[in-house]
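Down below is the structure, laid out as structure tokens.
Below, read A as the first sequence line, B as the second, and so on, with proteins coming before strands; counting in each chain starts at 1.
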Amino acid sequence: MRFTKAYIPTTKESPKDAQLPSHIYLSRAGFVMQVASGLYNFLPLGKRVLRKIEAIINEEMAACGALEVDLSFVTPAELWEESGRIEKFGKELLRFRDRKENLFVLGPTHEEMMVSIVRNRVTSYKQLPLNVYQIKTKFRDEARPRFGLMRAREFVMKDGYSFHASTDDLDREFDAMEAAYKRVLERLGLNFRIVEADSGAIGGTGSKELMVLAQSGEDTLAVCDSCEYGANVEAARRAPRATIPEAPSADFARFKTPNVKSIDDLSGFFHVDPYYTLKAVVMRAVYTEGSEPVCFFIRGCDELQEVKARNSVGAIDLVDITEAELSEIGLVPGFIGPLDQDKIRFVMDNDTRGAISMICGANEVDYHFVGVDLSVMNEASFADLVTVQEGDGCPHCGGKILHTKGIEVGHIFKLGTVYSAPLKAEYLDENGRSQPFIMGTYGMGVSRLVAAVIEQHHDEKGCIWTPATAPYLVNVMVSNIKEESHMQYGENLYAQLQKEGIEAILDDRKERFGFKMSDAELIGFPYTVIVGKELDNGSVQIMIRATREIITVGATEVIAKIRELVK
RNA sequence: CGGGGCGUAGCUCAGUAUGGUUAGAGUACUUGGUUUGGGACCAAGGGGCCGGAGGUUCGAGUCCUCUCGCCCCGACCA
């Protein structure tokens, strides 16, 4: 491609709405342009990057024997009613009617459609396993799209689904997909981590997220500093505490604690470590039908992890509760405890089981109990409720947990029969018995990956594409096209690179050196060959975008040098 | 959906508190000339429903009402 024939509208100034580096540089360098909230046009360079990523995914899927399909973007609402998700997805599903008044939705994900293509067609265990996928535009009418391509309403996703006759076989495929996704991200040149994830309301037996590590990531990860363990904080576990503060000694008693409400107040008042205090967090748990207040008890030194808390009571949501609601129940904020208390449903954190020497609210204004032995609560409901914090121990190796930010670019999930059962997608097993398919699902955010590459690879000058994602690997920049010998050399090199199968672009614009260099850096081609003054000495220069280092090479050695650099 | 902010040239923005010539700058674009290793310079040009509708007024980019859009924080995000 020649710059003079290309459409690469670069700008000096960033769009005012852009905040993230990926959003700023992808717009400024002419890869994408915003159409409306959460909607983007991909311009020629952006489309090339998308294609590159898609090609790598296709190759890795083919290597695993997954089959590519292409399902209708517009899907009948009936399917969504059948699975029950039309309610659950709510406003995120964009619905509309055709001229015959039939209700349709734009596909936000394709479990239902995918099940429908195998249902009643794959009818025997002999036809299993089956793994089908597509790379397709999705639409989710997000309440708040943001951060450019990172959270768009219309986006490109690779979504794959596998069908099995046994959980063992699902496990095997799940591992194969994890390995394939890992290879995809390695080939793209990304620094990432595969982490344990919350399986959430959808259920299933396991789920992992692929996280590209970047400051701007929306997810917080707990990762071990010495082993491979990593988890989304929503699902992170920790080792039992290695050192426990010295326990205060006190006999069980009801103690007057005037106006001592917070954990800080309490530990200050009694001069004890917050470890020995019991924190009560009351929230309203919302279910598909109805809601109820629930109290979560955790140690004072811990923080409640809301996703874990939500899962512990099977709620679809937890919302804040008002003081008025609390007093209506008969609870006193600041003095809530689990003892002798039947006013509210409560769940206790695993780490409080059998705890001794605890201080907790006495459910009466200005009174706490001290010297509490929580083993009296052993019949209560327990669950893991706390947020793993930096410095906690790794559950696998005892190393130290650190927090880091990640961009979720993939999510793989063991679905089991969550969809196949309600959609009655069944096969006959060896015994002639009808069984629902055991399913797995494997998603990867393709357009989000475009942004993720830049979030992880950019500098103050612009984009730094990795070799596998670059729209063109080499930019042949003729610094002054009026120098005929320079231009001639540039043309030859450009032709030769193409003949060698190296994707190249020729900057043949009538612009000055600085202007072209700035564009080269903004767009972020991995290598820019500078054809200029040095040519009179029989050499040219190669600017290596990642480091902005400029090396001088013989005019005839460029291709060899580039091959060496890419390796 | 709650809270905040912003809509003026392709882009980034002045101008709006206090209404008053023909609505400005930078950048981008066109033409000519000079330049040519870090976004050059000179000259001449084209480009605006001042988001939309209604109102107040002799007169509205500016004041009032309504509306639409976009961004940010939060809620939400299989």
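For C70(B), the paired base is G5(B) (Watson-Crick or G-U wobble, both distances below 3.5 Å). Nucleotide G32(B): paired with C42(B) (Watson-Crick or G-U wobble, both distances less than 3.5 Å). As the counterpart of U57(B), no nucleotide is assigned, since no Watson-Crick or G-U wobble pattern has both distances under 3.5 Å. With a cut-off of 3.5 Å on both pairing distances, G37(B) has no Watson-Crick or G-U wobble partner at all. Here C13(B) sits opposite G24(B) as a Watson-Crick or G-U wobble pair (both hydrogen-bonding atom distances under 3.5 Å). With a 3.5 Å ceiling on both atom-pair distances, C77(B) lacks any Watson-Crick or G-U wobble partner.
Residues I117(A) and H110(A) fail the side-chain proximity criterion, which asks for heavy atoms closer than 4.5 Å. The shortest side-chain heavy-atom distance between V478(A) and Y489(A) does not fall under the 4.5 Å cut-off. Within the 4.5 Å cutoff, the side chain of R310(A) has heavy atoms near those of the D198(A) side chain.
In terms of position along RNA chain B, the nucleotide closest to R512(A) lies nearer the 5' end than the nucleotide closest to the other residue of the pair F147(A) and R512(A). If V531(A) and F89(A) are placed on RNA chain B by their nearest nucleotide, the residue sitting closer to the 5' end is V531(A).
The side chain of Q34(A) contributes an N or O atom lying less than 4.0 Å from OP1 or OP2 of C71(B). Between R144(A) and C76(B), a side-chain N or O to OP1/OP2 separation shorter than 4.0 Å is absent.
Using a 4.0 Å heavy-atom criterion, one finds that K91(A) contacts the sugar-phosphate atoms exclusively. Residue K516(A) is out of contact with every strand shown, counting any heavy-atom pair closer than 4.0 Å. Base engagement by E521(A) is indicated by at least one non-hydrogen atom pair under 4.0 Å involving a base atom. Nucleic acid contact class of Q541(A) (heavy atoms, under 4.0 Å, all strands): base. The residue D519(A) sits close to a base: some heavy atom pair falls under 4.0 Å. When heavy atoms are screened at a 4.0 angstrom cut-off, Q19(A) is found touching the sugar-phosphate backbone but no base atom. Residue R153(A) is out of contact with every strand shown, counting any heavy-atom pair closer than 4.0 Å. Across all strands, S479(A) comes closer than 4.0 Å to base atoms (heavy-atom distances). Residue E218(A) is out of contact with every strand shown, counting any heavy-atom pair closer than 4.0 Å.
Between Y25(A) and H458(A), the two ring planes are tilted [angle within 30° to 60°]. In this structure, H23(A) and Y40(A) have perpendicular ring planes: the angle between them is above 60°, well past the 30° mark. Under the 30°/60° scheme for interplanar angles, the aromatic rings of W465(A) and F31(A) are found to be tilted.
E511(A) places its CD atom 13 Å from the C1' atom of G38(B), with the value rounded to the nearest Å. The interatomic distance linking M517(A) (CE) with G37(B) (C1') rounds to 9 Å, in whole Å. Straight-line distance from the CD atom of E209(A) to the C1' atom of C77(B): 12 Å, rounded to whole Å. For L26(A) and C11(B), the CG to P distance is 18 Å, given to the nearest whole Å. Spacing between atom CZ of R310(A) and atom P of A75(B) amounts to 13 Å, rounded to whole angstrom units. Atom pair F513(A):CZ and G37(B):P shows a separation of 8 Å (rounding to whole Å applied). Here the C1' atom of nucleotide C70(B) and the CZ atom of R151(A) are 18 Å apart, to the nearest Å. For the pair R140(A) CZ and A78(B) P, the interatomic distance rounds to 7 Å; values are reported in whole Å.
Counting heavy-atom neighbours within 6.0 Å of E218(A) CD, excluding the residue itself, gives a total above 12.
With C1' as the reference atom, A14(B) and A9(B) are 13 Å apart, rounded to whole Å. Using atom C1' as the reference point in both G47(B) and G26(B), the two lie 15 Å apart (nearest Å). As rounded to the nearest Å, U65(B) and U21(B) have P atoms that lie 25 Å from one another. Of the P atoms belonging to G19(B) and U57(B), the separation is 15 Å, rounded to the nearest Å. Between G54(B) and A17(B), the two P atoms lie 23 Å apart (nearest whole Å). As rounded to the nearest Å, C64(B) and U18(B) have P atoms that lie 10 Å from one another. When the P atom is compared between C11(B) and C77(B), the two are found 35 Å apart, to the nearest whole Å. G51(B) and C71(B) are spaced 15 Å apart, taking the C1' atom of each and rounding to whole Å.
In this structure A17(B) sits in the syn conformation; its chi angle is within 90° of 0.
Side-chain contact of Y181(A) with E60(A): a donor-acceptor pair under 3.5 Å is absent, judged by distance alone.
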### Query
How far apart are the C-alpha atoms of L170(A) and L415(A), what are their side-chain angles, what is the distance that settles it, and do they pass the side chain to side chain contact (heavy atoms under 4.5 Å, CB included) test?
CA-CA 9 Å; L170(A) 168 62; L415(A) 286 175; over 6 Å; no

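Here F515(A) does not pack flat against the base of G39(B), since the 5.5 angstrom centre distance and 30 degree tilt limits are not both met.
The side-chain tip of R448(A) does not point at the ring of F155(A) from less than 6.0 angstrom away and within 45° of straight on.
Closest approach to the L522(A) side chain among G39(B), U35(B), A75(B) is made by G39(B) (side chain taken as heavy atoms from C-beta onward). Comparing G37(B), A78(B), G39(B) by their closest approach to the side chain of M157(A) singles out A78(B).
Contacts with RNA chain B (heavy atom under 4.0 Å) in residues 2-18 of chain A: K12(A), E13(A), S14(A), P15(A), K16(A), D17(A), listed by number.
Note: S479(A) OG to R512(A) CZ = 11.0 Å, rounded to the nearest 0.5 Å.
At a cut-off of 3.5 angstrom, the base of G39(B) holds no donor-acceptor pair with the side chain of R509(A).
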